[in-house]
Visitor: 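Structure in structure tokens, see below.
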There are 2 protein chains.
Amino acid sequence: MVLLDLLGRRMALRILWELSKAQAPLTFRALQEAAETNPSVLNARLGELRDADVVEHDGEGYRLAAQGRSLVTVIRPLHAWAERWASRSGKESATASQLAIGKRARRK
Amino acid sequence: MVLLDLLGRRMALRILWELSKAQAPLTFRALQEAAETNPSVLNARLGELRDADVVEHDGEGYRLAAQGRSLVTVIRPLHAWAERWASRSGKESATASQLAIGKRARRK
DNA sequence: CGGGATCCCCGACGATACTG
DNA sequence: CAGTATCGTCGGGGATCCCG
């Protein structure tokens, strides 16, 4: 589906997240470090996010576009759900997954 | 991330979607056809969704569990965003992506 | 009908070197 | 510093067969 096509990729949400935390635009390298990823993936994601009008690039660096900000808004509840979900009933964990936004847990 | 770990897989959302549309529980085969997928993937997803307490299985078939229903609730806004996004500015499309819930668009 | 077992393949990702 | 190019790998997903 279109939606996951954009957000389901490796660093998409993470990038959104980092940008939403940043007060000022982030440079390519800054983002790279913040998101703990490598140039190729970062570049790929930025490309997609950019022409989805979710992220924009001005002289200073990358920042959320209007679309991106509204997206973050709508994502937050999901995120909240995920937190509740992560720390549900039996299953322990919930420790490292507090933020639930990051790299896809490497499955064994 | 945990969240995408569950929902980012190939038929996860699609399954949720189909189940949320169904009034009665769906059988394995019914789901398989509804979601247009194959046994292996369906089975994999059902397993994950089931032990995430998002989907449950009674004698009649599969249905959303409480968690699942709340998830659908929280997903809906996202879905709405995706629709607006899909039919934004320049880019045409928006035709096949109306529902925006389905298989990951084969890129090429 | 439910669903486990196999097999194969392709594409996403990771690392890293390189250019402007 | 920004971004591109290259290459190898690894795992998820598709198809299918088949058994209880």
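Because the structure is a prediction, the values reported are computed rather than measured. Every chain is numbered from 1 and lettered A, B, ... according to where its sequence line falls, protein lines coming before strand lines.
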Visitor: When the distance from CG of A:Leu42 to P of D:dC1 is rounded to whole Å, what number comes out?
Guide: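 Interatomic distance, CG of A:Leu42 to P of D:dC1: 14 Å.
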Visitor: Just by distance, do the side chain of B:Arg45 and the backbone of B:Leu6 share a donor-acceptor pair under 3.5 Å?
Guide: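 Judged by distance alone, no pair lies under 3.5 Å.
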Visitor: Under a 4.0 Å N-O cut-off, is there an ion pair linking B:Arg9 with B:Glu48?
Guide: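 Result for this pair is yes, salt bridge flagged.
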Visitor: How would nucleotides 2-8 of chain C be written as a contact map, 5' to 3', with B for base contact, S for sugar-phosphate-only contact and - for no contact, using protein heavy atoms under 4.0 Å?
Guide: BBBB---
Visitor: Provide the full list of salt bridge (Lys or Arg N to Asp or Glu O under 4.0 Å) pairs with a residue in residues 60-76 of chain A, sequence neighbours left out, each pair given once.
Guide: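 Applying salt bridge (Lys or Arg N to Asp or Glu O under 4.0 Å) to every pair that reaches into residues 60-76 of chain A, excluding sequence neighbours, yields A:Asp58-A:Arg63.
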Visitor: A:Asp5 CG to D:dG13 P: how many Å, rounded?
Guide: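 Taking atom P of D:dG13 as the reference, CG of A:Asp5 is at 13 Å.
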Visitor: Is any side-chain heavy atom of A:Ile75 less than 4.5 Å from a side-chain heavy atom of A:Leu13?
Guide: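 Yes; the side chains approach each other to less than 4.5 Å.
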Visitor: Does the side chain of B:Leu19 reach to within under 4.5 Å of the side chain of B:Leu31, using non-hydrogen atoms?
Guide: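 Contact flag for B:Leu19/B:Leu31 side chains = yes.
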Visitor: Kindly state each residue pair satisfying ring-ring contact (aromatic ring centres under 6.0 Å, His included) with at least one member in residues 38-69 of chain A, sequence neighbours excluded.
Guide: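 Pairs touching residues 38-69 of chain A that pass the test: A:His57-A:Tyr62.
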Visitor: Starting at CD of B:Glu48 and ending at P of D:dG13, how long is that distance when rounded to a whole Å?
Guide: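 Value for this atom pair: 8 Å.
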Visitor: If I take atom CD1 in residue A:Ile15 and atom P in nucleotide C:dC13, what distance separates them, rounded to the nearest angstrom?
Guide: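 Result: 11 Å.
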Visitor: Using whole Å, report how far CG of A:Asn38 lies from C1' of D:dA5.
Guide: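 It works out to 13 Å between those atoms.
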Visitor: Using a cut-off of less than 4.0 Å, is there contact between a side-chain N or O of A:Arg45 and OP1 or OP2 of C:dC13?
Guide: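 Looking at the OP1 and OP2 atoms of C:dC13, one of them is under 4.0 Å from a side-chain N or O of A:Arg45.
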Visitor: Roughly how many Å is it from CG in B:Leu4 to P in C:dC13, rounded to a whole number?
Guide: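 Interatomic distance, CG of B:Leu4 to P of C:dC13: 11 Å.
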